[in-house]
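Just below is one structure, and these are the notes that go with it.
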Amino acid sequence: MDCEIGSASTQVLAGNISSSLLSLYHLRYLDLSCNRFDEIQIPEFMGSLHKLRYLDLSMSKFIGRIPPQLGNLSNLRYLNLETYSYVRLDYSFNDGTYSTDITWLSRLTSLEHLDMSSVNLSTIVHWLPVVNMLPTLKVLHLPNCQLGSSPDSLLLSNLTSLETLHLRGNNFHKRSVPNWFWDITSLKHLDISFNGFYGPFPEEIGNMTSIVELDLSSNSLVGMIPSSMKNLCNLERLYSSRNNITGSIIELFHRLPSCSLNKLQKLIVPDNNLIGSLPNTLVESLSNLSWLDLSVNELTGNVPMWLGESLSNLSWLDLSNNELTGHVPLSIGELTKLRSLALHSNNLDGVIHGDHLSRLDMLEELRLSDNSIAITVSHTWVPPFSLKMIHLRSCQLGPKFPRWLRWQTQAVSLDISNTSISDMVPGWFWIAASSVEFLNIRNNQITGVLPSTLEFMRAISMDFSSNQLGGQIPKLPINLTRFDLSGNHVVGPLPTKFGAPRLKTLVLYNNMISGAIPPSLCKLRLLQLLDLSRNNLNGSITDCLVNESSTSMTKMSIINLSLRNNSLSGGFPSLLQKCPDLIFLDLGDNRFSGTLPAWIGEKLPSLSFLRLRSNMFYGHIPVELTKLVNLQYLDLAYNNISGSIPRSIVNCRGMTQTIYTSHHLRYPYSSIFTFGENELVHYTGNLMVLTKGQERLYTGEIIYMVNLDLSCNNLAGEIPTEISTLLALKSLNLSWNNFNGKIPENVGDLMQVESLDLSHNALSGEIPSSLSALSSLSRLNLSYNNMSGKIPTGNQLQTLEDPASIYIGNPGLCGPPLSRECSSQPEPIPEHHEVASNDMVSFFLAMGSGYVVGLWVVFLTLLFKRKWRASWYSLYDGAYVQVGVTWASLRGNLG
DNA sequence: ATGCGTTATT
DNA sequence: CCGCCT
């Protein structure tokens, strides 16, 4: 039942249902569907309307138990109890209706049509014997009822009239055969999709010679469709998406019933394992086919000519996500009824000319993204269609701005990213695109400026990144939620009014934006990701919430904030006290100064990544910082921090627990998508890494980065022994400080550590032998301390490159890899020129530590990306949040 | 001059 | 979705 707004079925009764309805004693027909009753139960007195033949209570917000009194309605021919399950305004879920005993149904002996869609029947095991007592039943809808049992057989079937059986979305999870429904040979419509049926495609399908429509989608059926399909001479629609159909597409075509090929309307088999090429010729006629979906298979070869020549009624063609090669045949242009053409994500090449498209006047969707197709039409070509969806990513449209888009004024989704356009954006483009909701022109060389009329566009998401757009940022469209203008030549200040109150993502990094961060930013209460890094912003960050009077307006939603690489000054921004959801914070490479406030620990409870590198912060590391239990990345390098490392750093679970055990990053919304205590946020980030002077941007799982970098400060005292409990650390850098005392004996516990740099301190004593246990270590620097004694050997320590430089500048050390033997007396202090040259080596090593970190990050990304991403997507599907982050790993380089 | 695949109020 | 049939 559709309850479309404005349709005849939309009814707006609210509140309760009065029992005065009973006075309508002779009522035979009652339709209360699609109303907005106030989450009431179906009244029991409805069972007293004895003359009812037709009762429709569907989609009306009923909750609770279905009253068994409905069993008194012995004249019912039609009963629709379809539950309307929906998310309430507070994001809680309406559980709808349920029944724990449906024996009352068996008394409805005249019932022809029963619909209990989405009624929770999970506790009922023997539902089928009840249904089997309804011999006149023609239509049975029990989808999404949480049914768990589907008997193998029905010994005495009364369901001889059953024509429609709809069991989608239950929990059968058993083999596809035997199952009782294969014996119901009267069936015309069978839907057993989304049920966890497994095993081979059943031969038994061939028994259902009346079948018109068969939906087997989203099960785990394996193999080729059975040869018994040949018997299905009434088949019009076959759906089997998301199964494991294996074998060649040619074999599948062979097994379609030749007696009904001219009736076949829909062949929907995406997301299987079909292989091979489409047949070169088509023996049988498929002249009635209107839908053909073979997407997400492993098809190879060309798009055959006959597609265009034989399928004259085709409306939807989807061959996307295969491995098709060759060019798009000109015959495609003969599919004059085509509404959707989807060939994206193949290996197609060649050129699409105006001749391919000039007769497709019904076309609404054109998806050719991610091929090597060039679309070459004449400069004056006017398309016959008015597309709603234009997805041409990575096709070649340029270098001139494609002029035919001028006529595409109805587009809702337009993606011409990475299409080799190297041109000035024409004025008409902004008019044509004014109804586009999803606009993506990234990765071109488009020049020009954003128009002042931008604010009147309908856009929800705009991606202009990596072009050469200049000018200032105008006021934004009111519906905009995502705006990416990174990597352009935008100048001037940020707008005093953003004009986009729903903005969630604002990405402006790599431009030339100047001036201060305006107070208008505080109006963006839904903003979760803000990346202003690599601009020319200056001034201090005002607390634009400080004067907000309304108490409900004193919070921002920001999760991810990067202001890296600007010229911002002032103290640690007090505004952040009102950002309790903050997880990522990067203020690195600015001119911030002052002390680190104690309130960080109280006001930013979710903070996991804190990067303040290369500023002018001074004072102690506040002990309150260690209240950040989720902190896993702390980079305070290149500041003037003094004092010592708080021993309470062991409280930072993000550093003590490996990611595999500490799923601490929370989904920031309380919604139906949460998973209790252990919900996980999936972060993907854009990771800027400097390698040998070249900057590359990686996509990585920042979630894996666990780092403590306090290098180049004025920290002193002993390295607390507690440091060895930070078991998740991948990198520890305490170099260029004044640490003294011994290296903690248990440093070898840091089994995850890949880079350890304690150089340029005043550490003394022997090097703990536990170091040799660090099996992940690829980078070690202990140079320029006062350590003495024999250098430990073994295991990983033997594999490190340039071993001598690791220990240089420690006059008391002896043994390999140094030349000085341990039995001999300490050597005299080396000559001055030696120190100088070694100093250079150490300097480069220290400055290059980021290079190592960079390599580490790349390695990590490669290592974990596939393996963990796959499992996390499946485990926590829907529970992840994408947070893009740009991240410069360091400022030094070797180049 | 990322590459992938989803987004959208949730 | 009836009304009338068996």
Side-chain angles (χ1 to χ4, degrees), chain A residues 8-9 27-33 51-56 75-80 86-93 110 112-113 136 296 320-321 344-345 367 369-370 391 393-394 398 412-413 415 417-422 436-446 458-463 465-468 477-484 486-488 500-505 510 525-529 557 667-674 682 684-689 694-701 858 861-862 865-866 869-870 873 877-884 886-887:
Chain A
S9 59
L27 198 65
R28 298 226 289 202
Y29 179 96
L30 178 57
D31 183 352
L32 293 173
S33 64
K51 298 222 170 170
L52 276 182
R53 289 184 175 195
Y54 182 102
L55 178 58
D56 190 346
N75 291 306
L76 271 188
R77 297 177 181 186
Y78 178 102
L79 176 59
N80 192 343
Y86 60 98
V87 182
R88 298 190 187 95
L89 284 179
D90 65 353
Y91 304 119
S92 62
F93 199 71
S110 302
E112 294 175 6
H113 183 121
T136 54
V296 198
S320 66
N321 290 285
H344 56 277
S345 295
R367 307 181 186 200
S369 293
D370 301 323
H391 289 181
R393 178 174 64 176
S394 301
V412 175
S413 186
D415 185 347
S417 61
N418 199 31
T419 49
S420 312
I421 299 171
S422 178
V436 171
E437 294 179 6
F438 302 96
L439 177 60
N440 189 348
I441 66 169
R442 73 185 292 187
N443 279 342
N444 284 289
Q445 286 152 290
I446 295 171
R458 208 175 290 173
I460 292 168
S461 171
M462 285 178 154
D463 191 341
S465 60
S466 298
N467 278 289
Q468 291 154 28
I478 191 160
N479 291 327
L480 203 64
T481 65
R482 182 185 134 83
F483 186 60
D484 189 341
S486 60
N488 277 281
R502 295 183 235 252
L503 208 57
K504 277 176 71 178
T505 301
N510 265 351
R525 291 310 163 86
L526 302 179
L527 196 64
Q528 294 181 345
L529 169 61
S557 305
Y667 191 62
Y669 314 101
S670 62
S671 79
I672 56 168
F673 296 114
T674 56
H682 184 117
T684 62
N686 296 327
L687 197 60
M688 199 85 79
V689 178
Q694 276 194 318
E695 195 171 72
R696 283 206 60 188
L697 196 57
Y698 290 87
T699 302
E701 272 77 7
V858 174
T861 304
L862 291 173
K865 198 170 169 180
R866 290 175 192 284
R869 202 183 214 179
Y873 264 82
D877 192 23
Y880 71 90
V881 161
Q882 275 197 327
V883 182
T886 52
W887 198 285

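The figures here come from the full heavy-atom set of this structure, side chains too, leaving out hydrogens, waters and symmetry mates. Every chain is numbered from 1 and lettered A, B, ... according to where its sequence line falls, protein lines coming before strand lines.
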The side chain of A:R442 lies closest to which of these nucleotides: B:dT9, B:dT7, B:dT2? B:dT2

Quick test of your reading of the model: are A:R393 and A:D370 salt-bridged, counting only N-O distances below 4.0 Å? yes

Short N-O contact, A:D415 and A:R442, less than 4.0 angstrom: no

Euclidean distance, atom [atom1] of residue [X] to atom [atom2] of [N] [Å, nearest integer]:
| X | N | atom1 | atom2 | result |
| --- | --- | --- | --- | --- |
| A:H344 | B:dC4 | NE2 | P | 14 Å |
| A:R525 | B:dT9 | CZ | C1' | 17 Å |
| A:D415 | B:dC4 | CG | C1' | 12 Å |
| A:N418 | B:dG3 | CG | C1' | 10 Å |
| A:N444 | B:dA1 | CG | P | 13 Å |
| A:K504 | B:dT10 | NZ | C1' | 8 Å |
| A:I446 | B:dA1 | CD1 | C1' | 13 Å |
| A:R482 | B:dG5 | CZ | P | 16 Å |

Using the P atoms only, state how far B:dT9 lies from B:dG5, rounded to an integer number of Å. 24 Å

Within the structure shown, what part of the strands sits under 4.0 Å from [X] by heavy-atom distance: base, sugar-phosphate, or nothing?
| X | value |
| --- | --- |
| A:T481 | sugar-phosphate |
| A:R53 | base |
| A:Q445 | base |

Nucleotide range of DNA chain C contacted by chain A, 5' to 3', under 4.0 Å to a heavy atom? C:dC1 to C:dC4

Note, [X] side chain near [Y] side chain (heavy atom, < 4.5 Å):
| X | Y | result |
| --- | --- | --- |
| A:K504 | A:L529 | no |
| A:T505 | A:F483 | no |
| A:L52 | A:N75 | no |

When rounded to the nearest 0.5 angstrom, what is the spacing between NE2 in A:H344 and OG in A:S394? 12.5 Å

If only side-chain N and O atoms of A:N443 are considered, is one of them under 4.0 Å from the OP1 or OP2 phosphate oxygen of B:dT2? yes

Check A:S557 against A:R525 and note the closest heavy-atom contact, atom names and distance. OG-O, 2.5 Å

In terms of heavy-atom contacts, A:P501 and A:I478 come closest through CD-O, 3.7 Å

Hey, which sits more toward the 5' end of DNA chain B by its nearest nucleotide, A:N479 or A:S417? A:S417

5′-ward residue of the pair A:N440/A:S466 relative to DNA chain B: A:S466

Among A:E437, A:R458, A:R502, find the residue that satisfies the side chain to side chain donor-acceptor pair (under 3.5 Å) test when tested with A:N479. A:R502

Stems for DNA chain B (at least 3 consecutive Watson-Crick or G-U pairs, under 3.5 Å) come to none

Any donor-acceptor N or O pair under 3.5 Å, side chains A:T419, A:N444: yes

